[in-house]
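Report on one structure; see the data block that follows.
Residue indices begin at 1 and follow the sequence shown.
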Amino acid sequence: MADEFRLVSPDIDNEGRLPRKYTGEGQGAKKNLSPPVEWYNVPEGTKSLALIVQDLDISDPDGPNVPWPHWVVVNIPPHVKRLPEGFSGNEEEMGGEYAGIKEGVNGWKTPGWRGPVLPKHGHRFEFKLYALDDELHLGNKVTKEKLEEAVQGHVLGEAILMCKF
């Protein structure tokens with residue numbers, strides 16, 4: 001257990017609640033911030049990491065539930081150990097070890113993090129971090145679907161953090 005590939009957040013307990021400042025229901029500057037995430041025990045041989053954050057409980061009136069992406073991040077170098085609060089949209093300014101990281105589009109077809117605004121609360125949110133044996137080359141428009149297809153056969157490990165909003 002101690003050596004397990006783990007994904008955590010200093011602000012979100014596993015199975016806990018997503019704080020309001022990470023949602024579209026926050027106030028002023030404390031609204032729609034991307035949550036901080038950290039990971040431990042990256043599997044040996046990892047060349048890059050990729051993150052998908054999605055709402056598992058979006059209901060589609062015309063069909064089955066399809067998880068709704070709130071954040072897609074690819075090509076996180078394995079030596080990077082965290083994405084700080086408010087990282088989304090600021091990777092260029094942060095530079096350094098964050099320089100090659102690419103944010104994909106969310107369910108609203110816009111790049112970066114977009115927090116939930118829900119008619120009723122209680123939705124489950126899954127933060128899933130993939131450890132991959134290669135860097136991904138997904139072109140200019142990275143989507144959850146492209147990412148999920150590209151990781152097939154390249155996953156060395158998965159780490160999951162769950163919360164509710």
Side-chain angles (χ1 to χ4, degrees), residues 4-26 29-56 67-116 123-138 140-148 150-151 154-165:
E4 180 185 13
F5 182 36
R6 293 184 306 130
L7 177 64
V8 300
S9 173
D11 288 1
I12 305 166
D13 292 329
N14 192 39
E15 303 291 342
R17 298 198 61 76
L18 183 67
R20 195 170 286 275
K21 65 182 173 178
Y22 305 129
T23 75
E25 297 176 10
K30 294 288 188 191
K31 178 179 181 177
N32 265 328
L33 290 169
S34 59
V37 287
E38 304 172 355
W39 44 90
Y40 300 93
N41 305 314
V42 171
E44 199 171 315
T46 298
K47 300 271 192 306
S48 74
L49 299 160
L51 176 71
I52 295 176
V53 181
Q54 55 190 354
D55 181 341
L56 300 179
W68 184 262
H70 284 266
W71 202 16
V72 177
V73 187
V74 299
N75 293 340
I76 304 167
H79 62 271
V80 170
K81 300 296 181 216
R82 66 186 193 97
L83 297 179
E85 178 179 277
F87 169 82
S88 183
N90 294 311
E91 56 273 20
E92 293 296 320
E93 295 84 59
M94 290 184 167
E97 64 184 6
Y98 299 109
I101 297 174
K102 182 168 180 59
E103 291 188 280
V105 295
N106 54 41
W108 292 270
K109 310 282 185 253
T110 59
W113 167 263
R114 182 157 172 190
H123 287 217
R124 294 169 302 142
F125 280 78
E126 176 188 70
F127 290 66
K128 183 185 281 189
L129 185 67
Y130 296 95
L132 305 170
D133 66 3
D134 203 359
E135 268 200 24
L136 300 176
H137 304 284
L138 300 175
N140 284 334
K141 191 173 179 191
V142 176
T143 64
K144 177 187 110 164
E145 293 74 23
K146 273 189 186 175
L147 171 56
E148 287 175 335
V151 302
H154 295 285
V155 178
L156 298 174
E158 292 179 8
I160 293 176
L161 170 68
M162 295 293 298
C163 68
K164 287 193 168 68
F165 180 68

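No side-chain donor-acceptor contact under 3.5 Å links Asn106 to the backbone of Pro69. The backbone N or O of Gly95 lies less than 3.5 Å from no partner atom in the side chain of Glu97, so there is not a single donor-acceptor pair. Under a 3.5 Å cut-off, the side chain of Asn75 and the backbone N or O of Glu135 do not form any donor-acceptor pair. Side chain of Trp113 to main chain of Leu33: a donor-acceptor pair is present (N/O by atom type, distance under 3.5 Å, no hydrogens or angles). For the pair Trp39 (side chain) and Val80 (backbone), a donor-acceptor distance under 3.5 Å is present. Between the Lys141 side chain and the Leu138 main chain, no donor and acceptor come within less than 3.5 Å of each other.
Between the side chains of Asp133 and His154, at least one donor-acceptor pair of N or O atoms lies under 3.5 Å.
Taking CZ of Phe127 as the reference point, atom CD1 of Ile52 lies at 12.5 Å (rounded to 0.5 Å). Rounded to the nearest 0.5 Å, atoms CG (Asn140) and NZ (Lys102) are 5.5 Å apart. Atom CZ of Phe165 is separated from atom CZ of Arg20 by 5.0 Å, given to the nearest 0.5 angstrom. Between the CG atom of Asn90 and the CD atom of Glu85 there is a distance of 11.0 Å, given to the nearest 0.5 Å. Distance check: Phe5 CZ to Leu156 CG gives 9.0 Å after rounding to the nearest 0.5 Å. Between Arg124 atom CZ and Lys164 atom NZ the span is 7.5 Å, to the nearest 0.5 Å.
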- Task: Verify side-chain contact (heavy atoms from CB on, under 4.5 Å) between Leu83 and Trp71, making sure each step is shown before the conclusion.
- Result: CA-CA 12 Å; Leu83 297 179; Trp71 202 16; 3.9 Å; yes
- Message: Between Glu91 and Val73, does the side-chain contact (heavy atoms from CB on, under 4.5 Å) criterion hold? Intermediate values first, please.
- Response: CA-CA 11 Å; Glu91 56 273 20; Val73 187; over 6 Å; no
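In this pair, Phe87 and Tyr98 present their aromatic rings tilted. The plane angle is within the 30 to 60° band.
Minimum interatomic distance between Ser34 and Ser88 (heavy atoms only, all atoms of both residues): OG-N, 3.0 Å. Taking every heavy atom of both residues into account, Pro43 and Ala131 meet most closely at CD-CB, 3.6 Å. Contact between Pro78 and Leu49 at its shortest, heavy atoms only, is CA-CD1, 4.3 Å. Contact between Ala159 and Arg6 at its shortest, heavy atoms only, is CB-C, 3.8 Å.
Within a 6.0 Å radius of CD in Glu92, other residues, nucleotides and ligands contribute 12 heavy atoms or fewer. By the neighbour-count criterion of 12 heavy atoms within 6.0 Å, atom CD of Glu15 is densely surrounded, having more than that number from other residues, nucleotides or ligands. Counted within 6.0 Å of NZ on Lys30, heavy atoms from surrounding residues, nucleotides or ligands total 12 or fewer; the atom is thus considered open.
With Tyr22 as the partner, the side chain to side chain contact (heavy atoms under 4.5 Å, CB included) test is satisfied by one option alone out of Cys163, Pro36, Pro116: Pro36. Of the listed residues (Leu56, Ile12, Asp13), just one forms a side chain to side chain contact (heavy atoms under 4.5 Å, CB included) with Met162, and that residue is Leu56.
Residue pairs meeting the side chain to side chain donor-acceptor pair (under 3.5 Å) criterion with at least one member in residues 45-54, sequence neighbours excluded, are Gln54-Glu126, Gln54-Lys144.
Taking 4.5 Å as the limit, every side-chain heavy atom of Met94 sits out of range of all side-chain heavy atoms of Ile101. Using a 4.5 Å heavy-atom threshold, the side chains of Asn14 and Leu7 count as separate. Proximity of Leu132 to Val155: side-chain heavy atoms (C-beta onward) are separated by under 4.5 Å at one or more points. Side-chain atoms of Trp108 and His70, non-hydrogen and from C-beta on, do get closer than 4.5 Å to each other.
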